[in-house]
Number of protein chains: 2
Amino acid sequence: MAFRLDDTDRKILTELQADASRSLDEIARAVGSSKTPVWNRIKKMRDAGIIRQQTVLLDAEALGFEATFFVLIRTSEHEAEWQRKFLATLRARPEVQEAHRLAGDIDYILKVRVKNARAYDQFYQALISEVRIYNVTALLSMEEIKSTLALPL
Amino acid sequence: MAFRLDDTDRKILTELQADASRSLDEIARAVGSSKTPVWNRIKKMRDAGIIRQQTVLLDAEALGFEATFFVLIRTSEHEAEWQRKFLATLRARPEVQEAHRLAGDIDYILKVRVKNARAYDQFYQALISEVRIYNVTALLSMEEIKSTLALPL
DNA sequence: AATGAAAGACGGCGAAT
DNA sequence: ATTCGCCGTCTTTCATT
């Protein structure tokens, strides 16, 4: 899984992360190379799965998604079947933007993005009706200070 | 800031979120329209800031970013100057992918992505040396179950 | 591994409906 | 607000060094 990047690869990824809408020529100029080699490198990284997806970042607030919750979950269940169902539920729910299994006494953390507090409650009710959960703490975000996916290469 | 989207706008955004590398013609076909109207709508949404950025999603693990922490922060300081400095620090630190100010007894949550536990410790030491913090809990992710930015439009 | 050329596809925009 | 269609630019490939 460890992919060897050289300096040029890293520069290309940095440029693409910052703005993937630019033309190959512009990217090439920015990294001090030219079209074809840059194109070949991008293709290689795409094929290797380093570059997963090309997408657009939307303004969630402007689209009416005004509430973000971080949800800390403790469970007493650790059977395979319970976990399978829990994960399937999380994956199926579009308001769940992130879900991680944790080390320590909190078992899972979710990031849930919804239109309002009511929509969160609906999600919460649906979740606990589908799987047994021992303890849930919801942290409500008041302000998104920073949000980026960019990796510091 | 509330932007009025119609059904076609929503479909376009859904398609772009799923794969922004496709041509205008393909997007247009997918949403049941044609090139120019789709182009005009995208331009409008771009200008309105609904579409913020076009970017690539990278495979963090394959690039050696193997540790993700969620960091819960309590502070006793609530002065403007302290907060200004704290936010500036978070924004300047590339390992901080997300930072939210919270309601409730936990004041802030961070998502921190680093190469390994050592790199996290370096971040932590740098953070507490720059600003006074009352209490920090770091939650280590064992498994990323889900990660998406897609909003359910 | 990089350059240059070249075909075809695509974006961007205007005119017309 | 959509269709058609044009032109210039860009992607993608290949031959060459």
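Every chain is numbered from 1, with letters handed out A, B, ... down the list of sequences.
With hydrogens and angles disregarded, a donor-acceptor distance shorter than 3.5 Å links the side chain of E26(B) to the backbone of S23(B). Formation of a donor-acceptor pair under 3.5 Å by the R91(B) side chain with backbone atoms of I145(A) is found in this model. A donor-acceptor pair under 3.5 Å links the side-chain atoms of K146(B) to the main chain of V96(A), judged by distance alone. With D9(B) contributing its side chain and D6(B) its backbone, the two residues share a donor-acceptor pair below 3.5 Å. Under the 3.5 Å distance criterion, the side-chain polar atoms of K85(B) are left unmatched by any main-chain donor or acceptor of V131(B).
Applying the salt bridge (Lys or Arg N to Asp or Glu O under 4.0 Å) test to pairs two or more places apart or on separate chains, those with a residue in residues 16-25 of chain A are E15(A)-R22(A).
Summarising the geometry, atom CD belonging to Q53(A) is positioned 11.0 Å from atom CZ belonging to R46(A); distances are rounded to the nearest 0.5 Å.
Remark: S23(B), L24(B) in residues 8-29 of chain B come within less than 4.0 Å of DNA chain C through at least one heavy atom. Across residues 31-41 of chain B, S34(B), K35(B), T36(B), P37(B), R41(B) each have a non-hydrogen atom less than 4.0 Å from an atom of DNA chain D (numbered order).
Residues R41(A) and T8(A) have side chains in contact (heavy-atom distance under 4.5 Å, counting atoms from C-beta outward). Counting heavy atoms from C-beta on, the side chains of E98(A) and L110(A) never come closer than 4.5 Å. Looking at N135(B) and I106(B), their side chains never come closer than 4.5 Å, going by heavy atoms from C-beta outward.
On the nucleic acid side, DNA chain C has its first and last nucleotide under 4.0 Å of a heavy atom of chain A at dA2(C) to dA6(C), going 5' to 3'. Close approach of DNA chain D to chain A, defined as any atom under 4.0 Å from a non-hydrogen atom of the protein, starts and stops at dC10(D) to dC14(D).
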Going by atom type alone, with no hydrogens or angles, which donor-acceptor pairs under 3.5 Å involve a side-chain atom of residues 63-77 of chain B and a protein atom two or more places apart or on another chain?
| residue | atom | partner | partner atom | Å |
| --- | --- | --- | --- | --- |
| R74(B) | NH1 | D105(B) | OD2 | 2.8 |
| T75(B) | OG1 | E77(B) | N | 3.0 |
| E77(B) | OE2 | R132(B) | NE | 3.0 |

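At most 12 heavy atoms of other shown residues, nucleotides or ligands fall within 6.0 angstrom of atom CD in E79(A).
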